[in-house]
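Below is one structure, written out as structure tokens; comments come after it.
Computed from a predicted model, the values in this text were never measured in an experiment.
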Amino acid sequence: MRGICQMEESELIRKRKEKIAGIRAAGIDLYPNDARVKNTSTELKSRFGNMEQESLTQIQETFSLAGRLMAIRNFGKASFVSIQDRKGRLQAFIHKGLITEPHYALFKRLDVGDIVYVSGRIFKTKTGELTIEAQEIRLLAKSVHPLPEKWHGLTDVETRYRQRHLDLIMNPDVKEVFYMRSRIIKLIRDFMEERDFLEVETPMMQAQAGGATAKPFKTYHNALGMELYMRIAPELYLKRLVTGGLERVYEINRNFRNEGISTFHNPEFTMMEFYMAYATYEDLMDLTEELFIFIARNLFGVLQFTYQGTEIDLTAPWLRITVKEAIIQYMDVAPGVLDDQSQAVAFSRQLGLEVDEKEALGKILMIIFEEKVEKNLIQPTFVTQYPVEVSPLSRRNALNPNFTDRFELYICGKEIANAFSELNDPDDQRGRFLMQLREREAGNEEAHQMDEDYIRTLEYAMPPTAGEGIGIDRLVMLFTDSASIRDVILFPQLRARDE
RNA sequence: GGGACGUUAGCUCAGCUGGUAGAGCAGCGGACUUUUAAUCCGUUGGUCGCGGGUUCGAUUCCCGCACGUCCCA
């Protein structure tokens, strides 16, 4: 990254350090901790922003504000400074005649980027801007490094991600995204609590990385002398809790998958998973619609919003379509082709897809779906009836046991949620794990492992249950119109840099 | 993993067919009592991502590497 290695030698830094030495020599604490801040920028603006200057002169009260000095506009004896706190910005007026000599001397030594405190009465300038008239100004923390340019700000994406503090200081929209993220997660919690779900936490470090098909990160516990895996999903633990009688549980937490990084993938990402006893995957489609609508209503007040230039409409009911129907709709293929393994191989090869001649029919369907269909699903769409081969933990459909009672939710061509009626027959579950083991032996590193402990849990009888996982980062991307997952994760994974 | 593009002052960016680098902002000095990208005058600041090669000479052309962005897998 530009500059960072030479920062020690930069002239700007040298000058700044000399200035700091001077302030120190004058006996001023560079990092005091005794300021008591009474007000915030937006609070003062909402209280006094609409009042006229004549009314403000009647107010004798003294207000105080602290934050980062973002601009200094100097006019000889008078100066205007812009102070940014967590809520926004407020201007302060510093006049040589209105503050003590030592305070003014200190003010002249301050730099943009410093953390300061001002207190004084409130007034409006002749341009109508609400301003604190400083009776006191203090330095609360001295900045050594200069801030990026005031007008263009910080745009270099690498610096924005590696030095997120700078991004947050310079780009108010970034702060807004993370306020939104927090609000969305709170709304989800409210929604789940309203429906009597219990929030729980299950292990991040697992002896076996189960509950999904993905490559895990491996770690080692010294005292136990055992290898552990960072979880790829909480699923099997949450279903143990349902078996234990908790019946409605959810967890919002991190999953870790040892895979590539893209605008939609970060190796650690946040997932909400929830399980609801005595419900089916169809119930969860209704619940998912309700949840998204609840969030949109609270955020926007309406169910229509724009994601990257595309108008999204969350008005229920959303389209519900099976995997096979979706392929037929978008690929113009005779239905029979998708029921016959060899015809399906031929068809996918026609489409230019690389498919092994002996590949299971269900896998072929998914390859076609993922390659050719997925990207077309712009408005919210539940894709249902996934092949049993790719759904080792899902309940079989009663009418067609080669498919499962499962759905994935697509919006803007991206998978946002994955849900199914849970497989609670321990014998069938064992058979599915054995099928996965064969795949693992055939070289599929992502295939699920045998989990005898989980099967034993099922043998105690898990109630009929439906469960779902919702990718929180992708959800936040959607609602904040963010193009990259890195824009909704404060510290996205980047390659380490040599210092 | 493959492809395209990028990396020049603290920040945002110019830099043409190769001749040892410019602007704006920031900084520093000065003027200024209501500005808000303040203004005006003056001025400092660069291992042109790193390493090779071609050349009398490379920020510029070629190769490799690093990091990043986007697209594809």
Check whether more than 12 heavy atoms from other residues, nucleotides or ligands sit under 6.0 Å from atom CG of A:N33, and answer yes or no.
no

Which of residues 260-270 of chain A have a heavy atom under 4.0 Å from RNA chain B?
A:T263

What side chain to side chain donor-acceptor pair (under 3.5 Å) pairs are there with at least one residue in residues 54-69 of chain A, not counting sequence neighbours?
none

Roughly how far, to the nearest 0.5 Å, is the CD atom of A:Q350 from the CD atom of A:Q343?
10.5 Å

Hits for ring pair (Phe, Tyr, Trp, His ring centres under 6.0 Å) against A:F382, two or more places apart or cross-chain, chain-then-number order -> A:W318, A:F407

Pairwise P distance, B:rC28 and B:rA14 [rounded to whole Å]:
28 Å

Selected nucleotide, minimal atom distance to A:P148 side chain, candidates B:rC11, B:rU12, B:rU35:
B:rC11

Using a strict heavy-atom distance below 4.0 Å, which residues from residues 62-73 of chain A are in contact with RNA chain B?
A:R73

Looking at residues at least two apart in the chain, or sitting in another chain, which of them share a side-chain contact (heavy atoms from CB on, under 4.5 Å) with A:K324?
A:T322, A:L338, A:D339, A:L365, A:F403

For B:rC13 versus B:rC56, give the span between their C1' atoms, rounded off to a whole number of Å.
33 Å

What interatomic distance, in whole Å, is found between P of B:rG3 and the corresponding atom of B:rC50?
24 Å

Could you pull out all donor-acceptor pairs under 3.5 Å where a side-chain atom in residues 210-219 of chain A meets a protein atom, sequence neighbours excluded?
none

Basic-acidic side-chain contact under 4.0 Å: A:R16, A:E18
no

Separation of the C1' atoms in B:rG30 and B:rA66, to the nearest angstrom
45 Å

Do any side-chain nitrogens or oxygens of A:T159 fall under 4.0 Å of OP1 or OP2 in B:rG68?
no

Between the base of B:rU34 and the side chain of A:E129, is there a donor-acceptor distance below 3.5 Å?
no

Minimum-distance nucleotide to A:Q91 side chain [options: B:rG68, B:rU33, B:rU35]
B:rU35

So A:R486, base contact, sugar-phosphate only, or nothing? Heavy-atom distance under 4.0 Å.
sugar-phosphate

Give a yes/no answer on whether the side chain of A:T125 brings an N or O atom under 4.0 Å of OP1 or OP2 in B:rU35.
no

Please work out if A:E371 contacts a base, only the sugar-phosphate, or nothing of the nucleic acid, heavy-atom cut-off 4.0 Å.
sugar-phosphate

Start at the 5' end of RNA chain B and walk down; is the nucleotide closest to A:L154 or to A:K150 reached first?
A:L154

Taking the side chain of A:K126 as heavy atoms from C-beta outward, which of B:rU35, B:rU12, B:rC70 is closest to it?
B:rU35

Set of residues satisfying ring pair (Phe, Tyr, Trp, His ring centres under 6.0 Å) with respect to A:F80, sequence neighbours excluded
A:F93

One thing to verify: whether A:D29 and A:R24 come together as a salt bridge, which I'm taking to mean a side-chain N less than 4.0 angstrom from a carboxylate O.
no

Could you pull out all residues at least two apart from A:F178 that satisfy ring pair (Phe, Tyr, Trp, His ring centres under 6.0 Å)?
none

Among B:rG68, B:rC32, B:rC70, the nucleotide that comes nearest once only the side chain of A:S484 is considered:
B:rC70

Nearest-nucleotide check on RNA chain B, A:G153 vs A:K77; residue mapping nearer the 5' end is A:G153

Charged N to carboxylate O below 4.0 Å: is that the case for A:D34 and A:R138?
yes

Picking from B:rA26, B:rG68, B:rU33, which would you name as closest to the side chain of A:L12?
B:rA26

Does a side-chain N or O of A:K124 approach OP1 or OP2 of B:rU34 to a distance below 4.0 Å, or not?
no

Ignoring the backbone of A:W151, work out which of B:rA37, B:rU33, B:rG10 is nearest its side chain.
B:rA37

CG-CD distance between A:N418 and A:E415, expressed to the nearest 0.5 angstrom
5.5 Å

With Watson-Crick and G-U wobble geometry limited to distances under 3.5 Å, how should the secondary structure of RNA chain B be encoded in dot-bracket form, using | for bases paired to another strand and [ ] for crossing pairs?
(((((((..((((.....[..)))).(((((.......))))).....(((((..]....)))))))))))).

Going by the angle between their ring planes, with limits at 30° and 60°, are A:Y410 and A:F369 parallel, tilted or perpendicular?
perpendicular

So does A:S348 get a backbone contact from the side chain of A:K372, meaning a donor-acceptor N/O pair under 3.5 Å?
no

What is the distance, rounded to the nearest whole Å, between atom CG of A:N74 and atom P of B:rU33?
10 Å

Check RNA chain B against residues 488-495 of chain A and give the residues with a non-hydrogen atom under 4.0 Å, in numerical order.
A:L494, A:R495

Between B:rA58 and B:rA73, how far apart are the C1' atoms? Round to whole Å, please.
37 Å

Kindly confirm whether the side-chain ring of A:F80 is stacked on the base of B:rU35, judged by centres under 5.5 Å and planes under 30°.
yes

Ion pair check, A:E389 and A:K363, cut-off under 4.0 Å:
no

Taking the same atom, P, in B:rG53 and in B:rU59, what whole-Å distance lies between them?
14 Å

Ring pair (Phe, Tyr, Trp, His ring centres under 6.0 Å) filter on A:F48, not counting sequence neighbours, yields A:F63

Using a cut-off of 6.0 Å, state whether more than 12 heavy atoms not belonging to A:E259 lie near its atom CD.
yes

Here the residues of residues 100-115 of chain A within 4.0 Å heavy-atom distance, strictly under, of RNA chain B are none

Main chain of A:T42, side chain of A:S46: is a donor-acceptor contact present, judged purely on distance under 3.5 Å?
yes

Taking only the C1' atom of each, what is the distance from B:rU20 to B:rG15 in whole angstrom?
14 Å

Determine the interatomic distance between P on B:rG49 and the same-named atom on B:rU7; round to the nearest Å.
8 Å

A:E158 side chain: which of B:rU44, B:rC67, B:rU34 is closest?
B:rC67

